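Predicted, not measured: the structure shown is a model, and the values here were computed from it. Numbered from 1 within each chain, the chains take letters A, B, ... in sequence-line order.
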Amino acid sequence: MKHDIRRPAPRGALLRAAWLAAILAAIPPALPAEAKSSALAVFGTESGAAFETSAWGSAEALGKSLAARLSGGATASIGLPGAESSGEAGLSAELSASGGRTVALLRVDGGIADGAAFDAEAGSVGTFGAEILLTLNGPRCSFSLSPRLERRSGDEGRTEYGGGIGASASAGGFVLKPKADASWTEWDDGGESLQLLPSFGLSWYPGFPLSLSADAGFRRSWLSSGEVLDELPCGISCYGAAGDRLFFSLDAYALIDLEDGDFSEAGVAGELSLMLRRLSRGELRLPIGLSWDSEGPEGWDGIAIRLGLELLLD
Amino acid sequence: MIRGLAGAILSIALLALAAAPSSGQEAAAWFERAPGAAGYASIRGAAEAAAARLRAAGLPDGLLAARLEEGARKRIAPERLAAALADEAVRYEAIAAELSSRGLLPELPSEAGGLAERAGLLMRGGTALAEIAAALDAAPRGSAARAERALSAVAAEFSIHARFPLAPAERIALAAALAGSALGEERFASLLAVFARYRAEGLPASRICSLSVDILGAGGSVEGVERELQRRIRRP
């Protein structure tokens, strides 16, 4: 959710964190790991021109039945004069145990953001989440159960207790993914809400280098004010490769308010990524992205173009 | 791009292999009947010797007659064609030995020829015999279609490697993991789309391969592979 605001750039700690992460990402890892750092020029019709640098990395230790994974990174978007700036950093730790066809995973993650990365009107925002994911895998279908807790600080601070139950089953080149999610949210200003979201996803993995995924659900929210919101979140994504050097992706999403039939959020993002050079332990890519985001017919909307370099290491 | 195109052409060729070569001394017959055979009379002895080696290995020599026909059509120089036939004979002998040592070489020469032709085409495309051997070992025992399943696994691995290059050891591990997996053969090709999806997201092919091997090897599914890969690209 982006807002059209103008704030002083948080060039301090977040930018330093981004550069530190970029340096760390460039150190060849000793464990199974990936790292990605990028430097992009971004121009948005609403956000203006900015230079964006980011670095994300992860490493994991794998045992026979236990695995631990740590990932983290930072992004800083430095706006040119008159443009908005933002920054965010996050860290995630996962511990998983597997036995037979059952996998149990505990994930804890946290992050901070400033500027327009989250909700700028809320100022600096901190997030914390914990999730347990229990999965039973079979050759043709799997089931999962995932209770979670999420906490967000700031003006729109809230604590959410939720859980989801889902299944996936394969049929030919398709994977069907029915899911149901429920959550209870307590807002720092005293409000409460209950949300139910049954949804259905479909992924297609044909015998050529392209995949398609689509999902849609029905979300009903009961607010403590007595109001009931009915919404339809939906999305579609497509990823593929042309040869071994050119990759592409296309994502589209919308959140439709069923009361008036208008969307309250929508976006489309496409990216072409050309591998410029294969390195001994990674590759250098040139990504070109174009996106459009909107907060509804009467809200914010804008187009953004991104172009730069990405260094991927493994 | 060229590798991808070559992979696509080879995949189509593999699918087109509906009819297995017939048995008999077809190489010798080719020299008697084929219109362009006169130009290759100088290599007849070498070609018939190679054909005899195939028959001794339990394979129909029609496999070599097909290469003779192809070479003549393309006007390949006799010496080059003779060398290619010798290489082909060595390949087919090795394939027959791998099948035979596992009790998987069909007694019917036409069936044996069909399997050998599929394997030979993969090897001409750059597949190592070790990949085929690993897939044969990994495919479930007791199945009449064990060899076909193993070759389908190698073909799927080949099409992945053609677009997203893998190291030789990774190729062997992936072919074996597919052959020994709980997946139906019709799902092998889905893994190519999974590779494309997560390569587009920036994960290295080696990482996708190792996770696929781990999960398929443990009896997991393509969506299980997808779920693990999704974790790897998740940002906190």
Rounding to 0.5 Å, atoms CZ (B:R232) and OG (A:S58) come to a distance of 8.0 Å

Under 4.5 Å to a heavy atom of chain A? For B:R207 that would be side chain

ask   = Can you find a side-chain donor-acceptor pair between B:R227 and A:S142 that sits under 3.5 Å?
value = yes

*Below 4.5 Å, heavy atoms only, C-beta onward: do B:P204 and A:L312 meet side chain to side chain?*
no

Cut-off 4.5 Å, heavy atoms of chain B, and the answer for A:E94 is side chain

Output for pair (B:L191 CG, A:Y205 OH), nearest 0.5 Å, gives 10.5 Å

Exercise. Verify side-chain contact (heavy atoms from CB on, under 4.5 Å) between A:S168 and B:E226, making sure each step is shown before the conclusion.
Key: CA-CA 11 Å; A:S168 68; B:E226 203 258 355; over 6 Å; no

Turns out that what part of B:R197 lies under 4.5 Å from chain A's heavy atoms comes down to both

CZ of B:R199 to CG of A:L246, rounded to nearest 0.5 Å, is 12.0 Å

When the 4.5 angstrom heavy-atom criterion is applied to B:S206 and chain A, the contacting part is side chain

So, the part of B:E201 with a heavy atom under 4.5 Å from chain A: the answer is both

Ranked by heavy-atom pairs below 4.5 Å to chain B, first place among A:G240, A:S170, A:C238, A:G282 goes to A:S170

When the 4.5 angstrom heavy-atom criterion is applied to A:T135 and chain B, the contacting part is side chain

Taken to the nearest 0.5 Å, the spacing of A:S92 OG from B:R234 CZ works out to 5.0 Å

